[in-house]
Amino acid sequence: NGKIALITGASRGIGAEAARAFVAAGAKVALLARDREAVADLAGELGADAALAVPCDVSRFWEVRAAVDACVGTFGRLDVLVNNAGVIGPIARLSEADPDEWGQAIDVNLRGVFHGMRAALPVMLSQGAGTILTISSGAAHGPNEGWSAYCASKAGAAMLTRSLHLENGEGGIRAMGLSPGTVATDMQQQIKDSGVNRVSQLDWSEHISPEWVARTLVWMAGPEADAHVGEELSLRDEEIRRKV
Ligand code: NJP
């Protein structure tokens with residue numbers, strides 16, 4: 001499709017699959033994550049013409065801005081930002097959560113999303129077009145016991161999508177959120193290992209595959225999803241699953 005996409009959290013899980021899916025659809029991708037070896041390996045797999053690895057911690061604005069500059073410097077433009085990087089944060093009740101760990105989750109899941117938007121928007125506005133997709137969560141819409149940092153940060157990120165749509169919807173910027181459901185990635189393994197929800201066995205067959213989430217993101221970046229601009233889509237929604 002000739003698009004240039006920048007994907008945060010592209011070292012594994014949903015972000016890595018999204019990179020593969022965008023390239024399979026004909027896009028070129030900038031791959032951001034802290035694990036420089038993992039993004040370099042993935043860029044090698046996807047080919048130097050199609051992928052650029054950019055080590056980046058999304059909680060630091062100047063690193064995100066440098067990554068956007070590297071993407072535009074290499075590929076000439078930026079059409080799609082996928083705000084995917086995320087951490088589960090401390091799994092502990094409010095009375096016991098470590099304040100530093102709590103803040104770090106906000107720094108990645110909420111400030112990181114703002115950093116992506118803030119760095120990409122000037123480029124997209126000057127192009128007169130761009131799509132910003134932000135991974136949200138069911139946790140954005142209702143509290144889970146012991147997950148306050150994750151829920152609060154995802155609720156904030158969902159509000160950023162709405163703010164972006166309100167401010168820039170008429171400037172050619174397509175803002176959308178995606179709540180992917182329960183996806184078979186390291187993050188779910190981490191949740192299981194923490195013992196929260198009393199889950200002792202992870203049955204991956206009951207999880208949505210990261211490939212499916214990736215396919216949905218590619219679909220959202222294209223014109224078929226125009227009717228949903230400004231919305232947060234859920235892969236638990238049968239209608240959306242049928243369309244993708
Ligand atoms: O998680 P995981 P998923 N700067 O742990 C990166 C949401 N979600 O793929 O930096 C830059 O396999 C990290 O890279 P690295 C979830 O909240 C999931 O499941 O090298 N990148 C890695 O590539 C998240 O927003 C489920 O460690 C940073 C990636 O983030 C998104 O989906 C359900 C970073 C995490 O990979 C992807 O999660 C749901 C930083 N500071 C929403 N910190 C689910 N899995 O069930 C982390 O509703 N990363």
Side-chain angles (χ1 to χ4, degrees), residues 6-21 29-43 53-68 81-89 91 101 103-116 119 133-142 144 147 149-158 160-161 177-194 196-197 199 202-204 206-214 216-217 220 232-237 240:
L6 184 147
I7 301 168
T8 70
S11 58
R12 58 176 190 268
I14 293 170
E17 282 313 319
R20 294 188 178 98
V29 289
L31 311 171
L32 278 58
R34 292 166 305 174
D35 184 339
R36 52 177 65 232
E37 207 176 314
V39 281
D41 285 353
L42 182 56
V54 193
C56 173
D57 182 336
V58 296
S59 67
R60 300 188 184 134
F61 176 65
W62 66 268
E63 290 192 20
V64 180
R65 190 166 57 188
V68 168
L81 165 66
V82 182
N83 274 317
N84 164 76
V87 293
I88 192 70
I91 298 182
E101 271 183 63
Q104 280 155 16
I106 302 296
D107 283 350
V108 178
N109 296 357
L110 179 55
R111 292 184 69 195
V113 168
F114 165 71
H115 292 161
L133 306 177
T134 298
I135 307 280
S136 178
S137 169
H141 308 289
N144 288 349
W147 294 42
Y150 190 73
C151 295
S153 59
K154 289 293 182 181
L160 283 181
T161 291
L178 175 65
S179 174
T182 308
V183 189
T185 65
D186 285 3
M187 186 177 279
Q188 281 298 332
Q189 188 66 49
Q190 220 183 318
I191 294 166
K192 180 243 164 194
D193 291 344
S194 76
V196 81
N197 292 352
V199 182
L202 255 195
D203 182 352
W204 290 121
E206 290 171 5
H207 291 58
I208 291 171
S209 72
E211 290 84 358
W212 198 357
V213 183
T216 307
L217 289 165
M220 291 169 80
E232 179 170 312
L233 307 187
S234 169
L235 268 180
R236 293 187 200 278
D237 180 339
I240 296 301

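All values derive from a computational prediction rather than experimental measurement. Counting starts at 1 for both ligands and their atoms, following the listed order.
There is no side-chain donor-acceptor pair under 3.5 Å between D107 and S59. For the residue pair Q190/D186, the side-chain donor-acceptor check at 3.5 Å is not satisfied. For the residue pair H115/E63, the side-chain donor-acceptor check at 3.5 Å is not satisfied.
Around ligand 1, the residues contributing at least one heavy atom under 4.0 Å from the ligand are G9, A10, S11, R12, G13, I14, A33, R34, D35, C56, D57, V58, N84, A85, G86, V87, V108, I135, S136, S137, Y150, K154, P180, G181, T182, V183, T185, D186, M187, Q188.
A distance of 12.0 Å separates CD of E101 from CD1 of I88, quoted to the nearest 0.5 Å. Taken from CZ in R12 to CD in E17, the straight-line distance is 13.5 Å, to the nearest 0.5 Å.
A side-chain contact (heavy atoms from CB on, under 4.5 Å) with L42 is found for one member of D35, L31, I7, V29 and no other, namely L31.
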